[in-house]
Amino acid sequence: MTGLELRELRKTYRSRGRPAVEAVRGLDLALDSGELLGLLGPSGCGKSTTLRMIAGLEAVTGGDILIGGASVTGRPARRRNIGVAFENYALYPPLTVAENLAFGLKARGRSARGEVRRKVAGIAERVGLTDVLDARPAGLSSGQKQRVSLARALIRAPDVLLLDEPLSHLDAAQRDTTRRELKRIQREMGHTTILVTHDQEEALSLADRIAVMRDGAIEQLGTPYEIYDHPATAFVADFVGEPAINLLPAVADADGRARLSAGVRIPLPVPVPAGRPVLVGIRPEDLALTGADGVPARVVAHEPLLESGIATLALDGVERHLVVLTGPEVRLAHDERVRVAAGLTHVFDAETGDSLR
Amino acid sequence: MRKRLPGWLADAALILYFVFSLFPVAWMAILSLKPANQLFSTYFSFTPTLDAYRTVLGGSEGIPFVRFFGNSLVVSVGAVALSLVVGLPAAYASARWRFKGSEHLMFTLLSFRFAPELTVIIPLFVLYQKLGLFDTYTGMVWVLQLVTLPLVVWIMRSYFADLSPELEQAALLDGYSRTQAFFKVALPLVKPGIAAVSLLAFIFAWNNFVFPLILTSHEAQTVTVGALSFLGGDRPKYHLTAAAALVSVVPPLLLALTIQRYLVRGLSFGAVKS
């Protein structure tokens, strides 16, 4: 197996009469052999463009792509040995599943017929498609289609595997099983893999490391825990986590607390110079409703889930509401006190969004 | 809600329309079966005869109708074939890539369809005389590209645009070249479109009148012009023209009937997103 490296990768779209669009601005990334990296970001952040450049479907404006240490930037897609599972599966409708799988093998020609049949059977067994080998794509569920698409990418034994939003068209039940399958297959076969997604849950559950992208650049690179527990910027904190983190504008006080309003102060995890405008970030699960101590708050809404609930609280004089993960039952419009778990608060510069921790 | 017509009324309306639209054809058929001396009678008692067909197909009036018919076949098939060879890659390219001036090029092609042929016929006539293309198959096939090429390019462009580019990209990643991706992936998926557009282009080419009228004389003349030669001379022979016209609708009709299945599917393709 082989590693993948991106050096200063750039993509600029120029069209006459319009300002140039920098879709990807100087991306540096290195994947170890067998690593699964999640490229996570909102639509338009450049993650799909990056994937297409690695695959060779999009010309590179600047920088270098290396597979196993050798530059492939100048090579056409067909000579990069990269497998892609496309978002819309890209299965060939007139062919059966088996023929679809064999189609990719036949491109390079000179595979003996027995060899092709053996490989098709092998990969079908791996991804659990043996029963539907003679079916046509139209007759498959979307979970099966995605597995055919994956098998098609894997059958050529590619050096690098690219997954483009692999779960986005599946319904909730299929998404869970397919996600588990995907993880198992990737672990077993050990391909260096990039997963492009806008779904933070998908990235958190599948990836060894996550690169959060924004406006064509990597905002933070780290393990899922690093991304979640130590977000480098307010953007990362906001994008990762469900329900989303509470980000409240405040001003640092001299006593090491943040003043949200005249009556509401929250202790800060790190010393911040007094008078500096900040964004205080608190994850909903790091807050707890208590009868006794903490900040006074009033419940304005509550969504009960099965074992928990999500409460929306109004704080005295604070414009933004606070979202708290609670038990399944909370009394509405009742005055509560909300306590912040010590040391789990995040604080960001109000201007730049950079973490001050 | 819209009220639907009662069944019998709808049927009656359809029958009426059927009679209305087939009337000219029926009238021509009757005309072609009349003997020459009863041509101008308006009552329907006459002795039907196939003399007109015999005359037309036998060429006894000094008009080689069978050759005109063959000419029509050659130039129409040739024009459609050339348009497919040139137009399919062009349609594919224009559907997949925006290149400098691509929209202007496409519009220019389209303009051939709505610019009246008569505006260019005189310069074309002069050019053809000078280039030695006048009254040749090559010349006819070439000039008919003005009719068939825009059809092929514009209709096939929408077929290619409806195909997901990911299919070809997957093939590229598998190791196929661009050309192979076009031939092995894109082209087989637009077969119904090719069938439909070929038929359409064939009919337009077959029916064309102005180009063969001006740009051919005897060697490469087609049926549309040839059928009219029976009207010349001292006495117009309407029954012969009618017979010639009826014979000349046979190829497009047969073609339409044989590929009807593709035609319906082909022309409704793209209108309904799957």
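Note on naming: letters A, B, ... go to the chains in the order of the sequence lines (proteins, then strands), and numbering restarts at 1 for each one. Keep in mind it's a predicted model, so treat the numbers as computed, not measured. In what follows, every heavy atom counts, from backbone to side chain, and hydrogens, waters and symmetry copies are set aside.
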B:V223 backbone acceptor or donor facing B:S72 side chain under 3.5 Å:
yes
Contact part of A:P76 toward chain B, heavy-atom cut-off under 4.5 Å: side chain, backbone, both or neither?
neither
So which part of A:I155 gets closer than 4.5 Å to some heavy atom of chain B, the side chain, the backbone, both or neither?
neither
From the list A:V196, A:L150, A:I194, A:L51, side chain to side chain contact (heavy atoms under 4.5 Å, CB included) partner of A:L163 resolves to A:L150
Sub-4.5 Å side-chain heavy-atom contact between A:F103 and A:L91:
no
When the ring planes of B:F160 and B:Y92 are compared, do they come out parallel, tilted or perpendicular, using 30° and 60° as the limits?
perpendicular
Crowded around B:F20 CZ? As in, over 12 foreign heavy atoms under 6.0 Å?
no
Could you list every donor-acceptor pair linking chain B to chain A (distance under 3.5 Å, backbone and side chains)?
residue : atom : partner : partner atom : Å
B:E166  : OE1  : A:N88   : N            : 3.4
B:Q169  : OE1  : A:R52   : NH1          : 3.3
B:L173  : O    : A:R156  : NH1          : 3.3
B:L173  : O    : A:R156  : NH2          : 3.3
B:D174  : OD1  : A:R156  : NE           : 2.9
B:D174  : OD2  : A:R152  : NE           : 3.3
B:D174  : OD2  : A:R152  : NH2          : 2.3
B:Y176  : OH   : A:F103  : O            : 2.6
B:Y176  : OH   : A:A107  : N            : 3.4
B:K184  : O    : A:Y92   : OH           : 3.0
B:V185  : O    : A:Y92   : OH           : 2.6

Specify whether B:W206 and B:F69 have parallel, tilted or perpendicular ring planes, treating 30° as the upper limit for parallel and 60° as the lower limit for perpendicular.
perpendicular
Under the rule for side chain to side chain donor-acceptor pair (under 3.5 Å), what residues qualify as partners of B:S248, not counting sequence neighbours?
none
